[in-house]
Chemist: 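First, the structure itself, so that you have it in front of you.
Because only heavy atoms are used, hydrogens play no part in the values below, and waters and symmetry mates are left out as well, while side chains stay in. Every chain is numbered from 1 and lettered A, B, ... according to where its sequence line falls, protein lines coming before strand lines.
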There are 2 protein chains.
Amino acid sequence: MAFHKKEEFGKKEQELAEVAKALSHPARIAILKVLAQKNECICGEIVDVLPLAQSTVSQHLKELKNAGLIEGTLDGPRSCYCINWKAFEKFTAGINSLFTNLKAKNEKACC
Amino acid sequence: MAFHKKEEFGKKEQELAEVAKALSHPARIAILKVLAQKNECICGEIVDVLPLAQSTVSQHLKELKNAGLIEGTLDGPRSCYCINWKAFEKFTAGINSLFTNLKAKNEKACC
DNA sequence: TTCTATTATCGTATATTTACGATATAAAAT
DNA sequence: ATTTTATATCGTAAATATACGATAATAGAA
């Protein structure tokens, strides 16, 4: 009944999984969409758009920040978030690199 | 104390989140890596490589299959899995499409 | 200073995930 | 027909995630 075996895997796998986990909730995808659409940094406008309580949105923002997908600075009573594009590029590149060497060969599937 | 609000978001967000969730555990990333490296379809070789019990690996395979990232066919006592490349392409394209219109403008960050 | 507005954190209930062993299933081998 | 082998499923315990309201914190306005 051991648990939490995640650290027994490779660093690369863990990092990819961590980012994927941050992306694994529609609310967080929606938050990223809002941040991308409004070019300026947003704060509580996100709360107005999502069907969630303010505290829940704040929690989701924290998870996105911990995963490195967004950056945020406190600016008095209001905070300012923006997307970290490099983290996204790193993620998609990481996913692709798992397969690049074989992607072409496998087009016709297997079983 | 309502729960499971995921269905209140858009279909696109839900689909992206679902795939991301399947990718959100290092064991499943590792499984995909193995499936990609061995060009032929694998089954219990995965169990030998991972630090997990057979039943746990089977569970992870099921989740990857449910998310559409792999395909599997039963072949007697042994089963045959392979990667569904199209699902990956759809996923990365979906992630990128959240931002494409603004990606260039934002390079210099915000706050 | 006191009030207001905005965001973060705490506490908590419920849901889901993760992992395992035990058991079922199903084809091949003996 | 029985055994072996490979995989899936069931049951279950512990961990984590999700959501909310209540509360703290912090800067600006009155």
Chemist: If the cut-off is 4.0 Å, is A:Thr56 near the phosphate of D:dT18, judged by side-chain N/O to OP1 or OP2?
Modeler: no

Chemist: Whole angstroms only, please: what is the NZ-C1' distance between B:Lys6 and C:dT17?
Modeler: 10 Å

Chemist: Starting at the 5' end of DNA chain C and moving along, which residue's nearest nucleotide shows up first, B:Ala27 or A:Leu61?
Modeler: A:Leu61

Chemist: Any idea which of D:dC20, D:dA6, C:dA8 is nearest the A:Ala53 side chain?
Modeler: D:dC20

Chemist: How far apart are the closest heavy atoms of B:Ala67 and B:Val19, and which atoms are they?
Modeler: O-CG2, 4.2 Å

Chemist: Grab the two heavy atoms, one from B:Leu69 and one from B:Ala87, that are nearest each other, plus how far apart they are.
Modeler: CD2-CB, 4.1 Å

Chemist: Could you tell me whether the phosphate oxygens of D:dT18, OP1 or OP2, come under 4.0 Å of any side-chain nitrogen or oxygen in A:Arg28?
Modeler: yes

Chemist: Is the phosphate of D:dA8 approached by B:Tyr81 (side-chain N or O, under 4.0 Å from OP1 or OP2)?
Modeler: yes

Chemist: Which part of the nucleic acid, if any, lies within contact of A:Gln54, taking any heavy atom under 4.0 Å across all strands shown: a base, the sugar-phosphate backbone alone, or nothing?
Modeler: base

Chemist: Check the distance between D:dT7's P and B:Leu50's CG and give it to me in whole angstrom.
Modeler: 13 Å

Chemist: So B:Lys21, base contact, sugar-phosphate only, or nothing? Heavy-atom distance under 4.0 Å.
Modeler: sugar-phosphate

Chemist: Look at the side chain of B:Ser79 and decide which nucleotide, out of C:dC20, D:dA8, C:dT18, has an atom nearest to it.
Modeler: D:dA8

Chemist: On DNA chain C, does the nearest nucleotide to A:Gly44 precede the nearest nucleotide to B:Leu52 from the 5' side, or the other way round? Give the residue.
Modeler: A:Gly44

Chemist: Let me know the distance between NZ of A:Lys62 and P of C:dT6, rounded to the nearest Å.
Modeler: 22 Å

Chemist: Give the rounded distance in Å between these two atoms: CG of B:Leu23 and P of C:dT17.
Modeler: 15 Å

Chemist: Is there a salt bridge (Lys or Arg N to Asp or Glu O under 4.0 Å) between A:Lys65 and A:Glu71? Walk through the geometry before answering.
Modeler: CA-CA 6 Å; A:Lys65 194 176 176 183; A:Glu71 292 166 7; over 6 Å; no

Chemist: Can you check whether A:His25 has a side-chain N or O nearer than 4.0 Å to OP1 or OP2 of D:dA19?
Modeler: yes

Chemist: Compare side-chain N and O positions of A:Lys5 against OP1 and OP2 of D:dA15 and report whether any pair is under 4.0 Å apart.
Modeler: no

Chemist: Nearest whole angstrom, please: distance from the P of C:dA5 to the CG of A:Asp48.
Modeler: 14 Å

Chemist: Using a cut-off of strictly less than 4.0 Å, decide whether A:His60 has a side-chain nitrogen or oxygen near OP1 or OP2 of D:dA19.
Modeler: yes

Chemist: What integer distance in Å separates A:Glu8:CD from C:dC20:C1'?
Modeler: 14 Å

Chemist: Which is true for B:Ser55 with a 4.0 Å heavy-atom rule: it touches a base, it touches only sugar-phosphate, or it touches nothing?
Modeler: base

Chemist: Do you know which two heavy atoms are closest between A:Thr92 and B:Thr92, and how far apart they sit?
Modeler: CG2-CG2, 4.3 Å

Chemist: Starting at CG of A:Leu61, measure out to CD1 of A:Ile31 and round the result to the nearest 0.5 Å.
Modeler: 4.5 Å

Chemist: Classify the side chain of A:Gln59 versus the base of D:dA17 as yes if they form a donor-acceptor pair under 3.5 Å and no if they do not.
Modeler: no

